[in-house]
2 protein chains.
Amino acid sequence: MVTNFDKKNFIKNFKANCKKIQVKNFIKGETVTTYIEKRNQICIVLSGEVDLIRYDFNGNKTIIGHFVENDIFGEVFYPANTNNELFVTAIKKSEILFFSYDTLFEKCEYECVFHKELINNLSELFIDEIIDLNLRIELLTKRSIREKLLSYFEILSKSSMNKVFNIPYTYTDLADYFSVDRSSLMREIKMLTDEGFIKKEGTKITLLY
Amino acid sequence: MVTNFDKKNFIKNFKANCKKIQVKNFIKGETVTTYIEKRNQICIVLSGEVDLIRYDFNGNKTIIGHFVENDIFGEVFYPANTNNELFVTAIKKSEILFFSYDTLFEKCEYECVFHKELINNLSELFIDEIIDLNLRIELLTKRSIREKLLSYFEILSKSSMNKVFNIPYTYTDLADYFSVDRSSLMREIKMLTDEGFIKKEGTKITLLY
DNA sequence: TAAAATCTGTTGCAAATGCAACAATTTTAT
DNA sequence: ATAAAATTGTTGCATTTGCAACAGATTTTA
């Protein structure tokens, strides 16, 4: 985090105060939204988890983004001109906040002081989102599955300040996050294990170097 | 763009009005900045072009980001815990605006009305950055070089509203943008040409379908 | 404008990755 | 609690991609 700003508390206030927003609940499997150009929708995950899914022309599914509590997503952030069908599905029971970016900077009917604060804090959410995306790019640009894995493990290890940590995804999802074949990912993990770089128990990984 | 907001004009005003910023000039090859954790620096390209470069442990160079006029970049946007050396180099004569994100929301000593506007517009810059990053991820997650090329061509074609368009990079840089081997990229382009999908004259591409 | 540097185009071969398929295990839903 | 669904682990083989190397073209610099 950039500042000491309390994201969670901000979102709670946001929800309580601003009349320009909607909050909806979704059960697992439900479609939260589809990305429709020019709607300028922004969403924030209040609880639960959602995936941003792409189906390409031959029906292949790719998870483009994975959003958890306090993450921000929406069609505003997505480039136009990519002719993919994009939609967001709840992968567990989720509570999502919706608003239109366009109306956000309009004067609030209650002239609330809250608005200025809100806009400031929105920047923090944006920055967090940019950081997440840069992290993903950092990994995606690594040239081999091995390099991707080692970089990713490095990050997990550093952020938990421990040589032992848990991968927060299933291996199936991790393969998708790296955009590589699952069996190739498993093979590489096996090699890293056999070569003594890591120890693996389920999704619990221990760095041995 | 999300709104009718005039980014260029905003930056000009920003430069003229706000005392919390610095503007510096760089010649080709000069280092603009290095990413140092916790400095919370944000930069905007006023003119010219800069590359965000990563050198990994075995000295391989990767262009992580390419920023042109009005693009925003900086250490604030970059995940901590990645132990890479990151720095930004001017690839041509460039004028760069610097400020610290932390001081941005502090009261301006001149109490300028400009500040509120500035913060609003900063969001637009952030959103543009997020869109760029999502576009890059969209391409990076395509599973083959062929798919990457076709998606990219599709985007260039749509945004120029023409079957004929120019790739705004050298092929060397394009390979790096896709994070693939240059000769493999050239090979795939040759195959697309031979199979009659595209016509190629230098970096000018014509879609034949 | 000549020399240096970079970029393009190409290839053969090696290495990495993807694909398909399946059994075993674990998780989720009824 | 049990059936259904999803995930894991594995392999052989096909395909894609990377690597190295080089000559020719183009661009940049002095």
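In what follows, every chain begins at residue 1, and chains take the letters A, B, ... in the order their sequences are listed.
- Tyr35(A) places no side-chain N or O within donor-acceptor distance of the main-chain N or O of Gln41(A), the cut-off being under 3.5 Å.
- Taking atom CD of residue Glu188(A) and atom P of nucleotide dG9(D), one finds them 15 Å apart after rounding to whole Å.
- At distances below 3.5 Å, not a single donor-acceptor pair connects side-chain atoms of Asp51(A) with backbone N or O atoms of Ile91(A).
- With sequence neighbours excluded, no residue satisfies side-chain hydrogen bond (donor to acceptor under 3.5 Å, both in side chains) with Asn25(A).
- Between Met191(B) and Ser183(B), the residue anchored closer to the 5' end of DNA chain D is Met191(B), taking for each the nucleotide with the nearest heavy atom.
- Rounded to an integer number of Å, the gap from Ile145(A) CD1 to dG18(C) C1' is 9 Å.
- Heavy-atom nearest nucleotides on DNA chain D were determined for Arg187(A) and for Arg187(B), and the one closer to the 5' end corresponds to Arg187(A).
- Expressed to the nearest 0.5 Å, how far OH of Tyr177(A) lies from CG of Leu135(A) amounts to 4.5 Å.
- Judged purely by distance below 3.5 Å, without hydrogens or angles, the side chains of Ser183(A) and Asp181(A) pair a donor atom with an acceptor atom.
- Distance Phe178(A) CZ to dT17(C) C1': 15 Å, rounded to the nearest Å.
- For the pair Glu201(A) CD and dT8(D) C1', the interatomic distance rounds to 16 Å; values are reported in whole Å.
- The side chain of Lys190(A) has dT11(D) as its nearest neighbour among dT11(D), dG9(C), dG18(C).
- No engagement by Lys92(B) is indicated, since no non-hydrogen atom pair under 4.0 Å with the nucleic acid exists.
- Distance, Arg146(A) CZ to dG18(D) C1': 16 Å, rounded to whole Å.
- Remark: Phe153(A) engages Phe165(A) in a ring-ring contact (aromatic ring centres under 6.0 Å, His included) (not counting sequence neighbours).
- Residue Ser184(A) is classed as a base contact, given a heavy-atom separation below 4.0 Å to a base.
- Whole-Å rounding puts the Asp176(A) CG to dT17(C) P distance at 17 Å.
- Among dG18(C), dT8(C), dG9(C), the nucleotide with an atom closest to any side-chain atom of Thr172(B) is dT8(C).
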Exercise. Nucleotide by nucleotide, 5' to 3', does protein get under 4.0 Å of the base (B), only the sugar-phosphate (S), or neither (-) in nucleotides 22-30 of chain C, counting heavy atoms?
Worked result: ------SS-
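- The OH-P distance, from Tyr171(A) to dT7(D), rounds to 14 Å in whole Å.
- For Ser151(B) and Lys142(B), the side-chain atoms include at least one donor-acceptor pair closer than 3.5 Å.
- One atom, CD1 of Ile167(A), and another, P of dG9(D), lie 10 Å apart when rounded to the nearest Å.
- Candidate nucleotides dG9(C), dG18(D), dT10(D) were compared by shortest atom distance to the side chain of Asp181(B), and dG18(D) ranks first.
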